[in-house]
Amino acid sequence: DSVAKLSSSLDRDEVFDYILSAMSNIVPNEASNIMLIEGDDVVVVRAKGYSDDIVDLRYSMSDIPDFAHIIKNHKPRIIQDVTTYQDWHDRETNSWIKSHLGVPIKLDNEVIGFINVDSKTPDNFTEEQAQWMLTFGDQAGIAIRNAGYTARLEKRIKERTRDLEFERAQLQAILDGVADGVMYTDMNRKTF
């Protein structure tokens, strides 16, 4: 049901919101986020349940080894107890987080981002939940791509409509300025 619902929307924000909502049903958590890869960085594009607004927060891929691990292996990453995990990156701002699960968002076998869920309870996530999320991450990649295509198409339509309206206004101004008759010639050089 979740995959079908995810594929039914072409609005990118709606897709992101649905992914986060579905994560609560698939894997119990207190907070979740979606990150997309932009060059050498990863950017939080949607988040739910965090005390601070982390949307638009940008991390360097090289600063967080878990990203490289997920990209290399195309597999989920479970950190059962972040307090004992040496490479945990967010100890200060979200000290309430005790366990973490991250999965890749893949498109055409390329990792384009991550879905992450966090819990205040250590050992909260299981391998079975990670596999459910992994399957959902694959479908999320397709939904994000489709929503991106729609957004680009809408932008092109708006730009073209604006151009056509401008051309029409110019033509109308020319015609309104003509006080005398109009003469034109066709390709056979006939004058009318």
Side-chain angles (χ1 to χ4, degrees), residues 1-3 5-6 9 11-107 110-144 147-148:
D1 288 345
S2 293
V3 170
K5 175 105 171 135
L6 179 64
S9 177
D11 179 83
R12 186 174 162 141
D13 290 336
E14 192 174 299
V15 167
F16 290 154
D17 288 339
Y18 187 74
I19 291 169
L20 294 182
S21 175
M23 286 304 100
S24 295
N25 295 329
I26 296 170
V27 179
N29 65 80
E30 281 77 37
S32 55
N33 68 71
I34 301 167
M35 299 174 152
L36 294 181
I37 297 171
E38 292 182 4
D40 293 332
D41 294 339
V42 64
V43 179
V44 178
V45 294
R46 207 50 137 225
K48 176 177 146 183
Y50 297 93
S51 56
D52 295 331
D53 182 14
I54 64 169
V55 174
D56 295 327
L57 190 61
R58 183 176 293 270
Y59 295 96
S60 172
M61 295 279 280
S62 60
D63 289 344
I64 303 176
D66 297 318
F67 294 148
H69 177 82
I70 292 172
I71 290 171
K72 178 182 176 190
N73 298 305
H74 287 219
K75 297 197 185 243
R77 182 74 160 167
I78 299 174
I79 303 171
Q80 294 294 8
D81 188 349
V82 301
T83 60
T84 62
Y85 182 67
Q86 178 181 346
D87 292 327
W88 185 246
H89 61 281
D90 210 8
R91 291 188 199 283
E92 294 171 18
T93 56
N94 287 304
S95 60
W96 62 268
I97 296 173
K98 300 302 180 216
S99 58
H100 172 84
L101 168 58
V103 300
I105 298 172
K106 293 186 294 186
L107 183 60
E110 178 184 346
V111 176
I112 63 167
F114 310 95
I115 302 172
N116 302 292
V117 292
D118 295 309
S119 175
K120 61 183 176 184
T121 307
D123 301 314
N124 191 59
F125 304 115
T126 67
E127 286 294 331
E128 183 179 16
Q129 291 169 330
Q131 291 308 310
W132 292 340
M133 274 185 58
L134 185 62
T135 299
F136 199 78
D138 291 342
Q139 294 302 315
I142 294 167
I144 290 168

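Numbering starts at 1 and runs along the sequence shown. Only heavy atoms go into these numbers, but all of them, side chains included; no hydrogens, no water, no symmetry mates. Note that the structure is predicted; figures quoted are calculated from it, not measured.
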(message) With heavy-atom distances below 4.5 Å as the criterion, would you say the side chains of D40 and S62 are in contact?
(response) no

(message) Restricting to salt bridge (charged side-chain N to carboxylate O under 4.0 Å, His left out), what partner residues turn up for K98, sequence neighbours left out?
(response) none

(request) Taking N124 for its side chain and P28 for its backbone only, find out whether a donor-acceptor pair lies under 3.5 Å. (result) yes

(message) Ignoring hydrogens, what is the shortest heavy-atom contact between G137 and I115? Give both atom names and the distance.
(response) CA-CD1, 4.0 Å

(request) Under the side chain to side chain contact (heavy atoms under 4.5 Å, CB included) rule, what do R77 and F114 come out as? Steps first, then yes or no, please. (result) CA-CA 10 Å; R77 182 74 160 167; F114 310 95; over 6 Å; no

(message) Treating S99 as the side-chain partner and T121 as the backbone partner, does any N or O pair qualify as donor plus acceptor under 3.5 Å?
(response) yes

(message) So I112 and I37, do their side chains get closer than 4.5 Å, heavy atoms only?
(response) no

(request) Mark yes or no for whether Q80, through its side chain, and F125, through its backbone, hold a donor-acceptor pair below 3.5 Å. (result) yes

(message) Using side-chain heavy atoms (C-beta onward) and a distance below 4.5 Å, is D118 in contact with Y50?
(response) yes

(request) Report yes if the side chains of K75 and L134 come closer than 4.5 Å at any heavy-atom pair, otherwise no. (result) no

(request) Specify the closest pair of heavy atoms between P76 and V103, including all atoms of both residues, with the distance to one decimal. (result) CB-CG1, 3.7 Å

(request) Apply the test side chain to side chain contact (heavy atoms under 4.5 Å, CB included) to residues W88 and I97: give CA-CA distance (whole Å), side-chain angles for both, the deciding distance (0.1 Å), then the verdict. (result) CA-CA 10 Å; W88 185 246; I97 296 173; 3.9 Å; yes

(message) On a heavy-atom basis, which atom in I71 and which in M61 lie closest, and how many Å separate them?
(response) CD1-CE, 3.0 Å

(message) I want to check something: taking the side chain as every heavy atom from C-beta on, are I79 and D66 in contact at a cut-off of under 4.5 Å?
(response) yes

(request) Would you list the pairs meeting salt bridge (charged side-chain N to carboxylate O under 4.0 Å, His left out) in which at least one residue belongs to residues 55-64, sequence neighbours left out? (result) E38-R58, D41-R58

(message) Main chain of V27, side chain of N29: is a donor-acceptor contact present, judged purely on distance under 3.5 Å?
(response) yes

